[in-house]
Amino acid sequence: LFDVEPAVLIPRPETELLVEEMIRLGRRWEAMTGRAPEVADIGTGSGAIAVTLAARCPNWRVFASDISTAALAVAERNAQRNGVGDRVSFYQGNLLQPYIERGIAPDLLVSNPPYIRSADVPGLQVEVAQYEPKLALDGGADGLDLYRQIVAQLSELPRLPDGVGFEVGQGQAFEVQKLLEGGGLYHEVRIVKDLAGIDRHVIGLRQKMID
């Protein structure tokens, strides 16, 4: 169970599918390498992704970061509430900066960043526009600002994560796929549909790990 407050988004069903994808990817990575992965959740918000990964995969090391100290406070409470407070490390900072500064090189990276176009934010449903933080919704003019920033920061980590999973907005999957393929960063980049048949998640792999 997760507490939510005005500082964070309400977790969506689509994000559950992203968690399932990352668990599948992480277990395959674990089988290939013989060790448990270190996984970083970027822009953790309520902590839904990081806490669920830690609960479902108790031997994994999980990191969670957010630029919002208020959101991190909610995420830390949710980690304690779900019995994984000692297995999730929380960092405050912008996107990958906390990991770059600490020399942390996660094996896998997952993120559900803000992806609403700035012009569309005022027209969102009332329960979203008025009760969820703009910081967690507004993705810039085309909704892709945060993806560009994350991908640009990847090369500043001690090494490139072996796998990356993003949740994206409707119509954004192809552009995010191109970002991950750019410069040969990820050799296999696939798009995963949600239950409504919408291209919802983009998974980048440095090598083939999922059949």
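Since the model is a prediction, treat every value here as computed from it, not as a measurement. Note: hydrogens, waters and symmetry copies are ignored here, and every other heavy atom, side chains too, is used.
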Under a 3.5 Å distance rule, please check whether [X] uses its side chain to pair with a backbone N or O of [Y] as donor and acceptor.
X    : Y    : value
Q153 : L96  : yes
D66  : G45  : yes
N82  : V84  : no
Q177 : V189 : yes
R102 : P98  : yes

Could you please spell out the steps behind the side-chain contact (heavy atoms from CB on, under 4.5 Å) verdict for Q149 and N94?
CA-CA 10 Å; Q149 292 175 39; N94 187 38; 4.1 Å; yes
Between [Y] and [X], is the closest basic N to carboxylate O distance under 4.0 Å?
X   : Y    : result
E21 : R200 : no
E30 : R27  : no
E20 : R56  : yes

What distance do [X] atom [atom1] and [Y] atom [atom2] have between them, rounded to the nearest 0.5 Å?
X    : Y    : atom1 : atom2 : answer
L195 : E16  : CG    : CD    : 9.0 Å
L180 : E175 : CG    : CD    : 12.0 Å
I203 : L25  : CD1   : CG    : 7.0 Å
L18  : D194 : CG    : CG    : 11.5 Å
L53  : R87  : CG    : CZ    : 10.5 Å
L205 : D162 : CG    : CG    : 9.0 Å

Should I104 and Y91 count as side-chain neighbours, where that means a heavy-atom distance under 4.5 Å?
yes
Please examine the side chains of Q172 and Y147, heavy atoms only from C-beta on, and report whether any two atoms are closer than 4.5 Å.
yes
Give me the atom names and distance for the closest heavy-atom approach of [X] to [Y].
X    : Y    : result
P161 : Y186 : O-OH, 2.7 Å
L95  : S65  : O-OG, 3.8 Å
D142 : L144 : OD1-N, 3.0 Å
L185 : R206 : O-CG, 4.2 Å
A152 : S155 : O-OG, 3.5 Å
A64  : Y99  : C-OH, 3.6 Å

Could you give me the CA-CA distance, side-chain angles and deciding distance for R190 and V192, then say whether side-chain contact (heavy atoms from CB on, under 4.5 Å) is met?
CA-CA 7 Å; R190 61 192 184 88; V192 180; 3.4 Å; yes
Which residue in the set I42, I150, N112, L146 passes side-chain contact (heavy atoms from CB on, under 4.5 Å) when paired with F166?
I150
Working note: D199 + F174, criterion side-chain contact (heavy atoms from CB on, under 4.5 Å); need CA distance, chi angles, decisive distance, verdict.
CA-CA 9 Å; D199 292 339; F174 181 63; over 6 Å; no
Please table the atom pairs, donor to acceptor, closer than 3.5 Å between any side-chain atom in residues 32-41 and protein atoms at least two apart or in another chain.
| from | atom 1 | to | atom 2 | distance (Å) |
| --- | --- | --- | --- | --- |
| T33 | OG1 | W29 | O | 3.0 |
| T33 | OG1 | R35 | N | 3.3 |
| T33 | OG1 | R35 | O | 3.3 |
| R35 | NH1 | D107 | OD2 | 3.2 |
| R35 | NH2 | D107 | OD1 | 2.8 |
| R35 | NH2 | D107 | OD2 | 3.4 |
| D41 | OD2 | T44 | OG1 | 2.7 |
| D41 | OD2 | A50 | N | 3.4 |

Checking side-chain contact (heavy atoms from CB on, under 4.5 Å) for the pair R148/L179: CA distance, chi angles, key distance, verdict?
CA-CA 7 Å; R148 293 190 187 96; L179 285 175; 4.1 Å; yes
